[in-house]
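In this text, all values refer to a predicted model and were calculated from it rather than measured experimentally. By convention in this document, chain letters (A, B, ...) are assigned in the order of the sequence lines, proteins followed by strands, and residues within each chain are numbered from 1.
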Amino acid sequence: MANTVLKDQVSLTIPMDRDMELVAAKTGSVLAELNHFNEDQTEEIQLAIIETCINAFEHSQSEDRQVFIKYIVKADELECKITDHGVGFTPEDQHNSIANRQQIHSDMRKRGWGLEITMTLMDEFYIESGENGTTVSFIKRMAS
Amino acid sequence: MANTVLKDQVSLTIPMDRDMELVAAKTGSVLAELNHFNEDQTEEIQLAIIETCINAFEHSQSEDRQVFIKYIVKADELECKITDHGVGFTPEDQHNSIANRQQIHSDMRKRGWGLEITMTLMDEFYIESGENGTTVSFIKRMAS
Amino acid sequence: MANKFDIQVRAENKYAVLETAGYLNDALGEDLSKKAQELIQKGYTQLVINLEQTALINSIGISILIEIIEALDERDGTLNFCGLSATQERTFRMMAIAKYAGIFPDEKTAIANF
Amino acid sequence: MANKFDIQVRAENKYAVLETAGYLNDALGEDLSKKAQELIQKGYTQLVINLEQTALINSIGISILIEIIEALDERDGTLNFCGLSATQERTFRMMAIAKYAGIFPDEKTAIANF
Ligand SMILES: Nc1ncnc2c1ncn2[C@@H]1O[C@H](COP(=O)(O)OP(=O)(O)O)[C@@H](O)[C@H]1O
Ligand SMILES: Nc1ncnc2c1ncn2[C@@H]1O[C@H](COP(=O)(O)OP(=O)(O)O)[C@@H](O)[C@H]1O
């Protein structure tokens, strides 16, 4: 860890274990509340964190079984960077996760929603993924 | 960070900044609740974390202005290790903090309570302090 | 708060209400699914799921809700939700759940609209 | 929840009630102290501090409560607390606050016991 002053950054490391995504979500919700986000936005931030953590738990196959979360608090936005040291994925993997499911109503699929929910609820959204793992980043801006 | 599996350990780093002790306390409270601690015990854990973090903010003079918290969850206990990279202190400093205060009622002093509150509310309590900083550790066991 | 495993079932004459409390994840979702299947086995085809005491739902929890909708569909039944937060309702609409299940502000309205 | 700066003051004929909401730290404590001093200036010597909506207090917040007790002591006044959690009451007893201020379960009892 560098000895720099990271005034507005909180870092959290959680094990890939039952309900640990709630710890990450709550940390985000306290930061959102302290930063005066409203209740709906705080819930949206929590859902985005939960979905991204669960994806790392379910899909990353990481050996260290840990998820690393950075929360960066700015005047009117909250950024989260969620990293695993797993196998990574491509847009094709993501597409397959949607295509390969059976369902009764073609427009009501059961899985393959995590990334889409996160993308829809947040204002900015990025994926960096490779053989050293995945970092999903998103930014929520305060409603004006 | 070693690549070992730390199944029951959560790590949090917070800046020494206004209200950040609440982030550390809430993380502890979610872990306590998931571990089925009762409401009183969850509050006690939060208070111990808050007091220890505030001490690091107020007294450590650390240059990196960060506090590092490890939460270790076991079957019927929660351990917290709270570290700063500050100047450290001795039992004498602690004693002076109590002796040098003016007050109307001699038994109702205003400051010098943080460590004592933490010690009283937790089941085990340790201080390691030196010129590289301070680690305060405490364990809360579930009421049987 | 979070993850208090808790499902209340109130079975009336023509319909039944399932009320959840706490984080709706795979575990609580499967518990809910089991209770809904039991009601469906007993012949109930009009179910209300009241999510007022559930602040957080993950997408695995929602996928289990979709399975309940599908099970009711096979018997021409209906599922009505109530007690959703604004964000939950938004997510349900995004996932097309709102097309195959009802979404109502409170239990009374959810029951009145089968 | 946390840190909503919020203090309600209800000044009656003979006493006044101060009700806090949120984390009682230095900031909320100083706000509370200012409001208490204003009441004391106006001649109030019987104050109730209702902490029901305050889930967390830090020791700096408590030190400010002690200053309010001292300010009232100088005028032969009384401070009664109510709405404390079990842990808050335990901490107040440890810090000898319970010797110089009253601790009551609710506002009604706190007011009846000046
Ligand atoms: N952290 C990750 N590591 C590896 N693969 C991932 C990760 N996150 C997402 N994916 C891939 O993207 C797909 C889509 O994820 P998502 O939209 O959350 O739906 P679901 O989890 O239901 O499949 C996953 O099935 C997986 O193949
Ligand atoms: N993390 C720390 N770094 C340096 N000194 C500390 C630290 N924690 C406690 N101390 C010392 O111990 C003393 C007692 O702390 P405490 O019991 O919390 O009372 P207070 O903070 O009101 O002085 C402090 O005044 C300080 O000298």
Side-chain angles (χ1 to χ4, degrees), chain A residues 1-37 42 45-46 49-50 53 57 60-75 78 80-86 132-133, chain B residues 1-37 42 45-46 49-50 53 57 60-75 78 80-86 132-133:
Chain A
M1 301 263 136
N3 237 26
T4 41
V5 180
L6 297 169
K7 208 180 156 307
D8 306 305
Q9 184 169 314
V10 168
S11 310
L12 178 75
T13 305
I14 52 171
M16 294 184 171
D17 205 2
R18 162 153 290 289
D19 287 331
M20 282 297 141
E21 72 277 14
L22 278 182
V23 178
K26 278 291 162 207
T27 302
S29 91
V30 181
L31 288 169
E33 282 166 4
L34 289 175
N35 214 23
H36 308 295
F37 278 89
T42 302
I45 291 167
Q46 290 193 76
I49 294 171
I50 286 174
C53 287
F57 295 9
S60 74
Q61 302 170 47
S62 98
E63 277 173 25
D64 65 14
R65 307 302 297 155
Q66 294 188 75
V67 180
F68 307 86
I69 303 127
K70 283 201 194 318
Y71 307 85
I72 299 145
V73 183
K74 294 188 195 139
L78 179 63
C80 298
K81 287 176 174 286
I82 301 182
T83 299
D84 64 65
H85 297 155
N132 294 320
Chain B
M1 302 260 135
N3 238 24
T4 43
V5 180
L6 298 169
K7 206 178 155 311
D8 307 304
Q9 185 170 313
V10 169
S11 309
L12 178 75
T13 305
I14 52 170
M16 295 186 171
D17 205 2
R18 163 152 290 288
D19 289 329
M20 282 296 142
E21 72 276 15
L22 279 182
V23 177
K26 278 292 160 204
T27 302
S29 91
V30 181
L31 288 168
E33 282 164 6
L34 290 174
N35 213 24
H36 306 296
F37 279 88
T42 303
I45 290 166
Q46 291 194 77
I49 294 170
I50 285 174
C53 287
F57 294 9
S60 74
Q61 301 170 49
S62 97
E63 275 172 26
D64 65 13
R65 308 302 297 157
Q66 294 190 75
V67 180
F68 306 86
I69 302 128
K70 284 202 191 319
Y71 307 85
I72 300 145
V73 183
K74 295 188 194 138
L78 179 63
C80 298
K81 288 176 175 285
I82 302 183
T83 298
D84 64 65
H85 297 154
N132 295 321

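Looking at every heavy atom in both residues, B/L22 comes nearest to A/L34 through CD1-CD2, 4.2 Å.
Each of B/V30, B/T27, B/V23, B/D19 was evaluated against A/V30; a single residue qualifies, B/V23, per the side-chain contact (heavy atoms from CB on, under 4.5 Å) test. Across A/V10, A/L12, A/L31, a single residue satisfies side-chain contact (heavy atoms from CB on, under 4.5 Å) together with B/I14, and that is A/V10.
Once rounded to the nearest 0.5 Å, the distance linking CG of A/D17 with CD of B/Q9 reads 13.0 Å.
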